[in-house]
Chemist: 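Have a look at this one.
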Amino acid sequence: MVVHKLRRAGGADAVTATAAVVAAVATGLAGCAPGADAGAAPPAGAVVGTTAGGADADGAKAGDAGGPLDAVRAVPELLARAGTSKARTALEMATGGTRLTIEGEGGYDFRAGRGRVRVLLPEDGDRPRRRITELFTPGALYMKNRGAGVPADKWVRVDTTSLADGNLVTGGATDPGAAAELLRAARHVTYVGAVRVGGARVAHYRGTTDIGAAAKIASPRVREALEAAAKGFATDTVRFDAYLDGEGRLRKVRHRFSFANGEREVEVTSTTELYGFGTAVDVRLPPHRDIYTGRIAG
């Protein structure tokens, strides 16, 4: 695995509200017995029927009209044309032989750069699993049922450009728009084979992307967040697996990151699965009176 160590932020920005989602999980990792099973459910978008290398039985390579590199780099534009989709997310963390998974489900509007996902956090010590509602918007992340002293009916707003990773992992789910925009800077892309994801036949591509390069050419909606991520990670290179359908639309993408948590290295695999294209996605921002402005416990 290519190592991407997340630098510690110089100020408090990256260790306040949002950091608590992943930081709490990282703390949970320390308290789990090595080898414990992180979650009963399989990761989002489990792949079945892989044909290693070459084309599938029909000789087709879905979404490969201009070659693997062009197909992957075209993902953001094709998702914008599709408009909206349902989304499933999974953020799997591993350290010291222990794994924990944060799962989410919701929808995303790729034209507006907005989405709504309900994230299920794993148990943390004596605290049971709980759901956090997250709203993705250009430049900001909103979280409800955040815990840590925040009233259940209040939202926490975090400026994603202030986060050391641009909210690629610290929110517990990667913004689907950012996940797609990273592919604009795809490199060394190879076609792996034809598989099925969620019942759809797709083409599996594998390669690397560069966060800094993606930030320079990304949509304005996510550009500043990716610029923050490019500064926060010690290296910009990120490995990915992308799965495109016959129309070139992204059906699943998996990015692999790694960051330092104290003296330990935490591996993070972020998976986003897209389906139900054209589904109505209603993202309403909370009124100012519902946004919590008090102190947040760690």
Side-chain angles (χ1 to χ4, degrees), residues 9 13-14 16-19 21-22 73-89 91 104-119 132-144 146 154-185 209-233 236 238 249-250 253 255 257 270 272 274 277-288 290-293:
D13 291 297
T16 51
T18 341
V21 177
V22 164
R73 288 183 172 179
V75 160
E77 299 302 331
L78 292 176
L79 287 179
R81 284 188 209 170
T84 62
S85 77
K86 294 182 179 179
R88 276 192 287 266
T89 65
L91 202 68
E105 190 164 1
Y108 199 86
D109 184 332
F110 290 94
R111 292 174 183 163
R114 294 186 175 189
R116 182 186 184 98
V117 173
R118 293 195 69 196
V119 175
I132 293 179
T133 300
E134 298 190 357
L135 303 181
F136 298 110
T137 69
L141 170 70
Y142 295 82
M143 296 182 292
K144 190 175 183 180
R146 162 64 183 75
K154 295 294 184 181
W155 294 82
V156 173
R157 182 189 184 280
V158 180
D159 181 354
T160 54
T161 65
S162 71
L163 298 173
D165 75 326
N167 193 36
L168 289 178
V169 299
T170 50
T174 301
D175 181 324
E181 290 287 342
L182 281 173
L183 298 179
R184 287 186 187 272
T209 186
D210 184 283
I211 301 175
K216 293 178 182 178
I217 57 178
S219 162
R221 292 186 294 271
V222 301
R223 185 173 299 154
E224 290 187 8
L226 290 182
E227 287 174 346
K231 296 175 183 177
F233 284 93
D236 285 352
V238 178
R249 300 174 303 189
L250 184 68
V253 63
H255 294 100
F257 306 93
S270 176
T272 302
L274 306 175
F277 291 97
T279 300
V281 176
D282 184 17
V283 180
R284 300 181 186 182
L285 300 185
H288 183 73
D290 290 340
I291 297 177
Y292 184 72
T293 57

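The figures here come from the full heavy-atom set of this structure, side chains too, leaving out hydrogens, waters and symmetry mates. Along the sequence shown, residues are numbered consecutively beginning with 1.
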Chemist: Quick one: pull up CH2 in W155 and CG in D290 and give me the separation to the nearest 0.5 Å.
Modeler: 9.0 Å

Chemist: Less than 6.0 angstrom from the centroid, inside 45 degrees of the normal: does R114 satisfy that with respect to the ring of Y108?
Modeler: no

Chemist: Is the number of heavy atoms from other residues, nucleotides or ligands under 6.0 Å of E105 CD greater than 12?
Modeler: yes

Chemist: Can you tell me if K154 has over 12 outside heavy atoms packed within less than 6.0 Å of its NZ?
Modeler: yes

Chemist: Give the intermediate values and the outcome of side-chain contact (heavy atoms from CB on, under 4.5 Å) for residues V283 and D109.
Modeler: CA-CA 9 Å; V283 180; D109 184 332; 5.8 Å; no

Chemist: To the nearest 0.5 Å, tell me how far N167 CG sits from T161 OG1.
Modeler: 11.0 Å

Chemist: side-chain contact (heavy atoms from CB on, under 4.5 Å), that's the test. Do F277 and R249 meet it? Break it down for me.
Modeler: CA-CA 9 Å; F277 291 97; R249 300 174 303 189; 3.7 Å; yes

Chemist: Within a strict 4.5 Å, meaning less than it, do heavy atoms of the P176 and F110 side chains meet?
Modeler: yes

Chemist: For A230 and I211, work out which heavy atoms get closest and say how close.
Modeler: N-CG2, 3.7 Å

Chemist: Taking the side chain as everything from C-beta on, heavy atoms only, tell me whether V158 gets closer than 4.5 Å to L163.
Modeler: yes

Chemist: Please determine whether side-chain contact (heavy atoms from CB on, under 4.5 Å) holds for the pair T133 and Y142, giving the CA-CA distance in whole Å, both sets of side-chain angles, and the decisive distance to 0.1 Å.
Modeler: CA-CA 8 Å; T133 300; Y142 295 82; over 6 Å; no

Chemist: Which pair of heavy atoms, one from A229 and one from D165, lies closest together, and at what distance?
Modeler: CB-O, 3.2 Å

Chemist: State, with a plain yes or no, whether a side-chain heavy atom of L182 is found less than 4.5 Å away from one of L168.
Modeler: yes

Chemist: Looking at every non-hydrogen atom in both residues, tell me the closest pair between E181 and A214 and how far apart they are.
Modeler: O-CB, 3.9 Å

Chemist: Would you give the length of the straight line joining atom CG of L285 to atom CZ of R116, rounded to the nearest 0.5 angstrom?
Modeler: 10.5 Å

Chemist: I'd like to check L250 versus L183 (side-chain heavy atoms, cut-off strictly below 4.5 Å). Are they in contact?
Modeler: yes

Chemist: If you measure from CG on L78 to CZ on R73, what distance do you get to the nearest 0.5 Å?
Modeler: 14.5 Å

Chemist: Looking only at non-hydrogen atoms, find the nearest pair between I217 and A185 and report the distance.
Modeler: CD1-N, 4.3 Å

Chemist: Output yes when a side-chain donor or acceptor of R223 lies under 3.5 Å from a complementary backbone atom of A218, and no otherwise.
Modeler: yes

Chemist: Of all the heavy-atom pairs spanning R157 and A140, show the shortest one and how long it is.
Modeler: NH2-CB, 3.5 Å

Chemist: Ignoring hydrogens, what is the shortest heavy-atom contact between A179 and T174? Give both atom names and the distance.
Modeler: CB-CG2, 3.9 Å

Chemist: Using side-chain contact (heavy atoms from CB on, under 4.5 Å), reason through L274 and L79 one step at a time and then give a plain yes or no.
Modeler: CA-CA 10 Å; L274 306 175; L79 287 179; 3.9 Å; yes

Chemist: Output the distance between atom NZ (K144) and atom CG (L135), rounded to the nearest 0.5 Å.
Modeler: 9.5 Å

Chemist: Does E77 form a salt bridge (Lys or Arg N to Asp or Glu O under 4.0 Å) with R184? I'd like the steps, not just the answer.
Modeler: CA-CA 9 Å; E77 299 302 331; R184 287 186 187 272; 2.8 Å; yes

Chemist: Are any non-hydrogen side-chain atoms of D159 and L141 less than 4.5 angstrom apart?
Modeler: no

